[in-house]
Structure formats: C-alpha cells, structure tokens
Number of protein chains: 2
Amino acid sequence: MKQTHTTSGANAERSRAHNRRVVMGKIHSAHEIGRAEIARASGLTTQTVSNIIAELETEGYLREAGRRVQGRGLPAVQYSINASGGYALGIEVRPTALFAAILDLGGTNVATWRLPLSKATPDETLCTLEHLMLDVKRTVQPERIIGAGIAMPGPFGRTGLSGSAHDLPGWEDKDLTKLFSEALELPVQIENDANAAAMAERVTGVAKGLSTYAYLYFGTGLGLGLVSQGQLIAGAFGNAGEIGQLPVNLDGTIAQLESVASRSSIQRHMNNAGIDVSEMDTLDTLHAAQSPALSSWTEQAAKALGQAVAIIENLFDPQAVILGGAMPSGLLKDITSKIPLNVASVSHRPDAPHDRVILGQCGRLTATNGAASLVLNRVYTPVFGPAA
Amino acid sequence: MKQTHTTSGANAERSRAHNRRVVMGKIHSAHEIGRAEIARASGLTTQTVSNIIAELETEGYLREAGRRVQGRGLPAVQYSINASGGYALGIEVRPTALFAAILDLGGTNVATWRLPLSKATPDETLCTLEHLMLDVKRTVQPERIIGAGIAMPGPFGRTGLSGSAHDLPGWEDKDLTKLFSEALELPVQIENDANAAAMAERVTGVAKGLSTYAYLYFGTGLGLGLVSQGQLIAGAFGNAGEIGQLPVNLDGTIAQLESVASRSSIQRHMNNAGIDVSEMDTLDTLHAAQSPALSSWTEQAAKALGQAVAIIENLFDPQAVILGGAMPSGLLKDITSKIPLNVASVSHRPDAPHDRVILGQCGRLTATNGAASLVLNRVYTPVFGPAA
DNA sequence: TTGATTATTCAAGTCAATTGAATTAAACTC
DNA sequence: GAGTTTAATTCAATTGACTTGAATAATCAA
C-alpha cells in the first residue's frame, strides 16, 4: 500500500480538481444547495463556483433542482447530484465467491452480482472479473464508470496480501493495484473489507454527516475501519484496524474479541448448544424467536464490544462508533443497544446530536457497496498528497 | 477543537503556500538538496521550484550550501534550512509552572524558561505569558517568530478543557485559541502534551524520517500521540490518544495502564518499598544503582506497555512506536528494551529499517519543545483543509 | 412603486503554474 | 584536449484558474 508520492505539489489543474471535489462534496452533503451558499461554505468566489458548476453540469454530474425562495433577494438556483451521471464499481473478493455491485453517483445500488469461486486464486479471480466486466458494460454506459473499488480481507504486505491469518492464498507478493487496474481497465482502490464497509456508511448510510468515526465490521471475523476527516486511516502499510485480536475481559477470563464477537463465534456458541446456524436466515429466525442460546451470545458479545468501544473512543475520539456488516439487522440492533458505555469517557457528551454507538444501515452487502463507495468518496472528498 | 472550515477551496495563493511547504519539507528532510531533485520529488517543474526557492531565500528561510558534483552535468546548487531564519515559540502549561522554549527553524533549542505558577488559572497564566513575551522579544527578533504552540494536559471540550480528570481548573468553557493568540499576538496551535511531544520527535528527533507513527508520552500520567502522514490525528474533539485508562492484564489482575506505567505509578511503587523518589534525579541514581524495587516496577511497566503497543500496532499499523517524556533516559531506554513484542503481529516486519519500538531522543522538555515543533511541522508539512 | 437585498453573470485582471528554448558546467569519448 | 553528452538552471512566453468590480435579475419590504 505504501508508495512514493511524487505529486505532492499543487498547480492550477490540481486546484481545479480539488475545488470540483469541494463543490461536489457540499452538494452531496446538502442534497440541494445553491452556488452562493457553496461559495460561502468553501471560501471560493461565487464566480469560481459558477464556472465549476457549469462544467460539472455539462459533464452530467449535476442537475438543476429549481429555485428556492429563502427570503429577500434573487432566489438561488438549487443544484443536486445527478445520480445517473456516473457509476462506481465495487468488487468484494471472498474465499468462495466474488461479489460485485454498481452504485450510481447518488449511492443507490443499481446492480449486484454474486459469482462463485472455487479457490479465489489470482488467476481464477481475474478471469471471473473479465467476464463480469462484459456484463457490467452492458448494464451501464462504460464511459460513465468512474472507477472501481476492491475489498479484500487483509492484512496487506507491501504488495499483495501477507501474514498467516488471511484466507486468500496465492495473493502474496502480487501488485494488487496493477493487477486489478489492468484487468478492469479502470482506476482502482483497494482496501480491506472493514475499511470499505466504513465508507459505505459515509457515502450512503448513517455516517453521511460524520467526518470522523469508527466502524466495527462483522465479517467472518471482526474488523475496524477508522475514518478521520472524511478519509480512511490506512496506517503505514494499509493494515490499520486489526481489532480482532484485542484482548477482552469476560468475568475474569481473557478472550480475543473476535472469538466472542463475530459470525464464526456465533456458530461455535450455537453449536455448543446443539443448534446449527450455518445459514444466516436461521440466525434471523432464532433472533425473532428470542432463542436463549442466542441471547446469551449477544450478552457476551455486547460486553466484549463495550470494552472495544471504550478503547476506540479513548484512542480515536470519534464522533460515533458505527456497527455493521454481514449479520441479521435485528440481531445487530440488539447488540448495539446492549453495548455498555462508559460514562466517564471523553466521548460522553450529553449534548451530542446522535448516539455514541450507532447501527449501520447498509445491510449485508456493506463491504461490496463499500468498495464502490471508496470511489464515490473520492468524488466527494478533497484529498491532497500526504507528506513525504 | 471542532470548527467549521470555510477555507477548503484552493486558489493560486493557497497553492503557493502549499508548494512552499512542500519545498521546505523536502529540504528539511533531505538536509541538503538541489532544486532539480526537489522538482522530481514533488512533481513540480524546476522553474517553479526555482521561483519558490528564490522567494524563500530572500525571506531568509533558506541558504545556499555549495554545489554538489554528482556525476555528469552541471553540479546542483544545494540548499539547506537557514536555522536563524525563523523561530517557533513553545509553551507548556502545567499546574505548577509554565515552561517555554524557543526553537529555531532547524529545531535547535535557543532558549528555555521555567516560570512558577501558583494555580495556573487563566488569569495568572496569561499574565505570566505577557511578561514572558517581553523576554522572548529580547531573545530573538520579534518579526522572526513564526507562531506559538501550546501544550496543555487534555482532555479538551468543544472549547477549553473539560472532564473531571484534568488538572487545570478554571479553563473550562474558554476559547483557548482566542485567549492565547490575543495574549501572544501570534498564531497559535493548541494540543495536549502527548501530541506536542510526538511532534518534537518528528521535527528534531528519531521520527524525522517517519510519517506514520505512535508516541507514548510519560507525563504525570501516560499519553499517546498518533501521527498519520505527518499530521496529528486529533479525533473529532481533539481528544484522541487518551490511553491512560487502557486495561492491562498483569498476572491475572486487570489494571489501568496509567496506574502501572507512569511517573506517579513509580512514586507509588517506590513509596511502598519505603523509598522516596519525589526528585527525578533520585530516580536516575536508583536506576544507575540497579535498585531492585525500581527494576520490579520496570518489569511490570514493560509488560503493561507491551500490551498497549500490541493494541496500538493492531489498530493503527504505525511504522514505529516511540517512547519518550519526562523520565530519566536511562530508565526509558531500559523500559524500551524490555517491552515484549508480539511476533504474530502485522507489525512484525523482519526487513524493517528500524525497530518497532524506539526510544525518543528529545529529553525531558519534549512537550515544551514539542509545542514549538507544532509550529515547525506546519512549515514543513503541507496541509489542506479537511472534509466538511 | 421604490429601495434594499441577494444571486448570478460579464469582462478584465492577476497569480502562479507550465512549456520550450537557451545557457552553463561538469563528465565522458576518442 | 577538442568535441559530445548529460544535467541543472534560467529566460521568455503561454496558459489555466481564481479574483475583482461592475452590471443585471429577481424577490421582499415599506
């Protein structure tokens, strides 16, 4: 993930790109907004905003949304995102399947694929992707596809995946960015699934108004995505957020967070109680029926997550911690409400406009949609090259 | 700490400011470097770099450092930072004293003050500062002072300090930035002591080549500074890095990190052994004499810190974790070497160019010098306005 | 109806980047 | 050691994008 950035300098062209993002970002978060207001909020002149909006409109990214009368003076022409003006492709690579989704500029899912993989080796995956692309190009206008985001389970080495813990063999020492961008013929961004999922909530979900938050992702294990000022914190090597091994204290016993709060931990727990939950729907049913075995799991998980949340709040001071991932939403909601919060924390702000722990709303395909959201976030959030 | 940024847009002027920082940053980290090389490293043209360097040189921030023959072609004129071209003021407010330091552009300490405070109320502090400023202006040319950094123990509320844990009463609900910038008549930056200390290592210490790292700070308690891509991670309300309450597991007993690894924990531990260590020098002597009581503390502290390091590495994936603060350096070195590292971590990189845990080198006044380093870091690291 | 207010556009001006050709000084080649 | 190659730097012209200030348009208030 680490690379030498040789483009830290600014020039007119890069200023324009930056300002286009600023404008798109304001429109995205305000939903409908006029030029003058964007100018005030961004520090640009109305003239500049006008020019940029004209450009964005002819390119199809924006559309007029009537005038709004708001007191005296000429009513401002409102602009909003033209959802069909661009599309982002999201790819999630899992050990047994490849998920894909297309989101439009507004963040709405317009297509979803699930392609089985036997081993998820690079060859098989890339080959499957080439077939997928044919389909993708039939679904939306190819020239309207802005880019692709790829979500894979980490951890990442300097290139490719590394370490002994990940479940995708054969990807070590590969230049992932090169591999995918060549196969897809699109600019790509690669993140682990938790990070991608975190972005989904920012672009379309409950984190839309937030710029600094943490996201706990229930995948096979448990992942953490950290977003600071609208950008993912990747860490030096792209592996920030490995929270699974966090030690938690359950009634005097130390356990790893992931072994108590994850999908695989439910399966283990329920199997011990003689119940098979290999199907996700079973879980949903059990939850609706208030299964005692499931609620004893929930209790443990919530307790463990409470400790994780306390640590996250202390170390990162986020606006909120969001919970999401591939779990029945009723169950997730239940967990969310049961997480104990430390009243002595700096995050305890009685006047806060929202809860400290929030339920994510992006559903089971969060990571796939999140992969696409990585692309959308780049449209809406200005970035500048990092320090050397 | 949170505020509405109305200047996220880019223009020619802000581009220039950005590029000046890029150029200063390259020169700072390379020590001596020619224009063409800066151009290559930054993506700017040599012409632009030439213009900026000419500007910076006439302003006194740079100076020529001879030509370097490096093979064929015209030998490049080398430039380096002109240390006396600018000064940064650092202020550290503690409950019983105000520390101040001036660093030159090269990061060298040119003056230090220690002014006793009886209660460190805003009134007393600001009054003391006004007297200090008279002295400061006699020490260096007033117009060469770039700005001031302020280090205070957190946590911060939306304005001022808040919470029950901090030791500076009377600062609640104050607009710190306004208060200090008006008293000093300088642009100011305010951070907690751990964050300031973290910056000291980046500007002058062992973190000079690092852009993403964590810093564990021994103050009265224990603080954490997180630096990502050359910038401090502040969190949503400026309180990121509150690591003191982290639970650690010592032989089955759960303790708070701060109660085992901090200056006050040493005092408690040694008092229990019947030894008084209210003077820091005593500690140094005891360490040199290999006091058994002290080494039993060190062992516990290192064990606890090992757990904290593991969590930091997993959550943040830094290039390194640096240890520093107001402790005898021999003792710190000892702790550093004794911290157990998890071999299974993603941070275990046998080919890394440096250790995973590094001893800081900025000495006892790290936080004060660090406050000044906040200012210097802004000179050397380009920033752009954060997302809305 | 008139004046105040706010949004927007028009036209000119400015800033700071880029581009391409020219100059300088060293190293390599024969 | 004369000529060629290479690299850094400067000179002069150009361009892109933002700003400025004046003009115009549409609404509210009196």
Side-chain angles (χ1 to χ4, degrees), chain A residues 6-24 26-27 30 32-59 62 64-79 382 384-385, chain B residues 6-24 26-27 30 32-59 62 64-79 382 384-385:
Chain A
T6 54
T7 49
S8 46
N11 59 20
E13 200 181 332
R14 294 198 272 262
S15 281
R16 172 56 74 114
H18 176 92
N19 287 342
R20 282 169 61 112
R21 285 187 186 135
V22 170
V23 169
M24 286 294 278
K26 300 283 180 206
I27 297 176
E32 284 194 356
I33 190 171
R35 300 168 228 227
E37 199 180 337
I38 297 175
R40 279 189 299 267
S42 64
L44 296 168
T45 60
T46 50
Q47 184 57 65
T48 300
V49 173
S50 238
N51 293 339
I52 290 175
I53 283 196
E55 201 175 279
L56 291 169
E57 197 182 5
T58 59
E59 289 170 24
L62 294 181
E64 256 190 67
R67 301 189 101 105
R68 208 181 81 205
V69 181
Q70 60 216 94
R72 277 193 170 182
L74 207 173
V77 179
Q78 304 295 106
Y79 284 87
F384 255 77
Chain B
T6 55
T7 48
S8 45
N11 60 18
E13 198 182 334
R14 293 197 272 263
S15 280
R16 171 59 73 119
H18 177 92
N19 288 342
R20 282 169 59 113
R21 287 190 182 126
V22 170
V23 170
M24 285 296 276
K26 299 284 179 206
I27 297 176
E32 285 194 356
I33 190 172
R35 299 168 229 229
E37 199 180 337
I38 297 175
R40 278 189 300 266
S42 64
L44 296 167
T45 60
T46 50
Q47 184 58 63
T48 301
V49 174
S50 239
N51 293 340
I52 291 175
I53 283 196
E55 203 175 279
L56 291 170
E57 196 182 5
T58 58
E59 290 171 23
L62 294 182
E64 256 190 66
R67 300 188 103 105
R68 206 181 84 204
V69 181
Q70 61 215 108
R72 277 193 173 186
L74 208 175
V77 179
Q78 304 295 107
Y79 284 87
F384 255 77

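Just so it is clear: chains get the letters A, B, ... in the order the sequence lines come, proteins before strands, and each one is counted from 1.
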Under the salt bridge (charged side-chain N to carboxylate O under 4.0 Å, His left out) rule, what do B:Arg68 and B:Glu37 come out as? Steps first, then yes or no, please.
-> CA-CA 12 Å; B:Arg68 206 181 84 204; B:Glu37 199 180 337; 5.2 Å; no
Looking at B:Ser50, does any N or O in its side chain come under 4.0 Å of the phosphate oxygens OP1/OP2 on D:dT10?
-> yes
Can you check whether B:Arg40 has a side-chain N or O nearer than 4.0 Å to OP1 or OP2 of D:dA7?
-> no
If a protein heavy atom is under 4.0 Å from the base, mark B; if only from the sugar-phosphate, S; if neither, -; do that for nucleotides 18-30 of chain D going 5' to 3'.
-> SBB----BBBBS-
State, to 0.1 Å, how close A:Ser15 and B:Asn11 come at their nearest heavy-atom pair, and which atoms those are.
->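 Closest approach of A:Ser15 to B:Asn11: OG-O, 4.4 Å.
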How many angstroms lie between OH in A:Tyr79 and CD in A:Glu32, if you round to the nearest 0.5 Å?
-> 12.0 Å
Supply the atom-to-atom distance B:Lys26 NZ to B:Arg40 CZ, rounded to the nearest 0.5 angstrom.
->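 Separation between the atoms: 12.0 Å.
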Using whole Å, report how far [atom1] of [X] lies from [atom2] of [N].
X       : N     : atom1 : atom2 : value
A:Ile33 : C:dT8 : CD1   : P     : 11 Å
A:Ile38 : C:dT6 : CD1   : C1'   : 16 Å
A:Arg35 : C:dT8 : CZ    : C1'   : 7 Å
A:Gln78 : C:dT8 : CD    : C1'   : 13 Å

List for me each residue that meets side-chain hydrogen bond (donor to acceptor under 3.5 Å, both in side chains) alongside B:Gln47, sequence neighbours excluded, and say none if there are none.
-> B:Asn51
If each of B:Glu13 and A:Ala36 is mapped to the nucleotide of DNA chain C with the nearest heavy atom, which maps nearer the 5' terminus, i.e. the 5' end?
-> A:Ala36
Polar side-chain atom of B:Arg14 near backbone of B:Gly9 as donor-acceptor pair, under 3.5 Å =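 Yes, because the side chain of B:Arg14 sits within donor-acceptor range (under 3.5 Å) of the backbone of B:Gly9.
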